[in-house]
Asks: 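One structure, as structure tokens, below. Some questions next.
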Amino acid sequence: QVQLVESGGGLVQAGGSRGLRCVASGRTFRNNLMGWFRQAPGKEREFVAAISASGASTYNAGSVKGRFTISRDNAKNTVYLQMNNLEPEDTADYYCAATRWDIMTTTLRNYAYWGQGTQVTVSS
């Protein structure tokens with residue numbers, strides 16, 4: 001059974017930092033693009049960041065550029081999202097996802113595998 005399990009969410013003050021982790025099991029994703037999405041209360045799920053299979057290429061949404069960094073460790077089947085200078089607007093459930101290929105995409109429907117999410121709350 002393929003699973004993506006996120007961890008690291010919690011409550012953080014505005015201006016603070018938080019690191020999220022996503023561990024994959026059931027299969028390897030070393031050949032797959034992986035990404036992070038988030039969904040705030042009452043809003044649609046939106047793209048945050050993605051990383052190529054090798055880790056050489058990354059892409060961030062404009063709203064998090066310069067503040068969030070995505071990385072991966074294929075030996076550990078793990079993807080990370082380091083979030084710095086957090087803002088109350090970053091409050092959301094954060095989801096890890098993987099595609100079936102290694103082509104950069106920000107489109108939600110292109111991601112075939114999803115975790116259950118981890119909640120991040122940023123207080124002002």
Asks: Please check this pair: side chain of Thr78 against backbone of Lys76, looking for a donor-acceptor N/O pair closer than 3.5 Å.
Replies: yes
Asks: How close do Leu81 and Ala49 get, heavy atom to heavy atom, and via which atoms?
Replies: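 Closest pair (atom of Leu81, atom of Ala49, distance): CD1-CB, 4.3 Å.
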Asks: For the side chain of Glu6 and the backbone of Cys22, is there at least one donor-acceptor N/O pair under 3.5 Å apart?
Replies: no
Asks: Kindly compute the distance separating OG1 (Thr118) from CZ (Arg21), expressed to the nearest 0.5 Å.
Replies: 11.0 Å
Asks: Can you check whether Tyr94 reaches Gln39 side chain to side chain, under 4.5 Å on heavy atoms?
Replies: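 Tyr94 does not reach Gln39 side chain to side chain.
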Asks: If you look at every heavy atom in Ala14 and Ser124, which pair is closest and at what distance?
Replies: CB-CA, 4.2 Å
Asks: Looking only at non-hydrogen atoms, find the nearest pair between Leu86 and Met83 and report the distance.
Replies: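 Nearest heavy atoms, Leu86 then Met83: CD2-CB, 3.8 Å.
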Asks: Ignoring hydrogens and geometry, is there a side-chain-to-backbone donor-acceptor pair from Arg18 to Gly8 under 3.5 Å?
Replies: yes
Asks: Under 4.5 Å between any side-chain heavy atoms of Asn85 and Phe68, yes or no?
Replies: no
Asks: Does Asn84 offer a backbone N or O that forms a donor-acceptor pair with the side chain of Ser17 under 3.5 Å?
Replies: no
Asks: Hey, could you give me the OG/CZ distance between Ser52 and Arg72, rounded to the nearest 0.5 Å?
Replies: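 One gets 7.0 Å once the value is rounded to the nearest 0.5 Å.
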Asks: Side chains of Ser57 and Met104: closer than 4.5 Å at any heavy-atom pair?
Replies: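 Side chain of Ser57 against side chain of Met104, heavy atoms only: contact under 4.5 Å found.
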Asks: Less than 6.0 angstrom from the centroid, inside 45 degrees of the normal: does Arg45 satisfy that with respect to the ring of Tyr95?
Replies: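 Yes, a cation-pi geometry holds between Arg45 and Tyr95.
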Asks: Would you find a donor on one side and an acceptor on the other, under 3.5 Å apart, between the side chain of Thr107 and the backbone of Arg109?
Replies: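 Flag not set: sc Thr107 to bb Arg109 has no pair under 3.5 Å.
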Asks: Hey, does Leu4 have a side-chain heavy atom less than 4.5 Å from the side chain of Met34?
Replies: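 Yes, their side chains come closer than 4.5 Å.
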Asks: So, Asn77 side chain and Arg27 main chain: donor-acceptor pair closer than 3.5 Å or not?
Replies: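 Checking the backbone N and O of Arg27 against the side chain of Asn77, a donor-acceptor pair under 3.5 Å is found.
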Asks: A side-chain contact here means heavy atoms from C-beta on lying under 4.5 Å apart; do Tyr113 and Gln3 qualify?
Replies: no
Asks: Under 6.0 Å from the CD atom of Gln116, do we count more than 12 heavy atoms belonging to anything else shown?
Replies: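 Result for CD/Gln116: open.
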Asks: To check you understand the geometry: which heavy-atom pair defines the closest contact between Leu33 and Ile51, and what is its length?
Replies: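 Nearest pair, atom of Leu33 first, then Ile51: CD1-O, 3.2 Å.
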Asks: Hey, are the side chains of Ser123 and Leu11 touching, using non-hydrogen atoms and a 4.5 Å cut-off?
Replies: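 Contact flag for Ser123/Leu11 side chains = yes.
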Asks: I'd like to know if Val23 and Trp36 are part of one continuous hydrophobic network [Ile/Leu/Val/Met/Phe/Trp/Tyr, side-chain heavy atoms within less than 4.5 Å].
Replies: no
Asks: Inspect the contact between Glu46 and Arg38 and indicate whether a charged nitrogen and a carboxylate oxygen are less than 4.0 angstrom apart.
Replies: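 Between Glu46 and Arg38 there is a salt bridge, with a charged N closer than 4.0 Å to a carboxylate O.
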Asks: Just by modelled atom types, is the Ala53 backbone N or O under 3.5 Å from a matching donor or acceptor in the Asn74 side chain?
Replies: yes
Asks: Quick one: does Asp102's side chain get under 4.5 Å of Asn32's, heavy atoms only?
Replies: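 Heavy-atom side-chain distance check fails, nothing below 4.5 Å.
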Asks: So for atom OH, which belongs to Tyr59, do other residues, nucleotides or ligands contribute more than 12 heavy atoms lying within a distance under 6.0 Å?
Replies: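 It does not: Tyr59 OH has 12 such atoms or fewer within range.
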Asks: Check whether Thr91 reaches the backbone of Thr121 with its side chain - one donor and one acceptor, N or O, closer than 3.5 Å.
Replies: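 A pair under 3.5 Å: no.
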Asks: Quick one: ring-ring contact (aromatic ring centres under 6.0 Å, His included) partners of Tyr111, sequence neighbours excluded?
Replies: Phe37
Asks: Yes or no on side-chain contact (heavy atoms from CB on, under 4.5 Å) for Tyr80 and Ile70, after CA distance, side-chain angles and deciding distance?
Replies: CA-CA 6 Å; Tyr80 306 93; Ile70 188 171; over 6 Å; no
Asks: With a 4.5 Å heavy-atom cut-off, do Val120 and Leu20 have their side chains touching?
Replies: yes
Asks: Check this for me: Arg67, atom CZ, are more than 12 non-hydrogen atoms of other residues, nucleotides or ligands nearer than 6.0 Å?
Replies: yes
Asks: Locate the shortest heavy-atom distance separating Phe47 from Asn60; write the atom from each residue and the value.
Replies: CE2-C, 4.1 Å
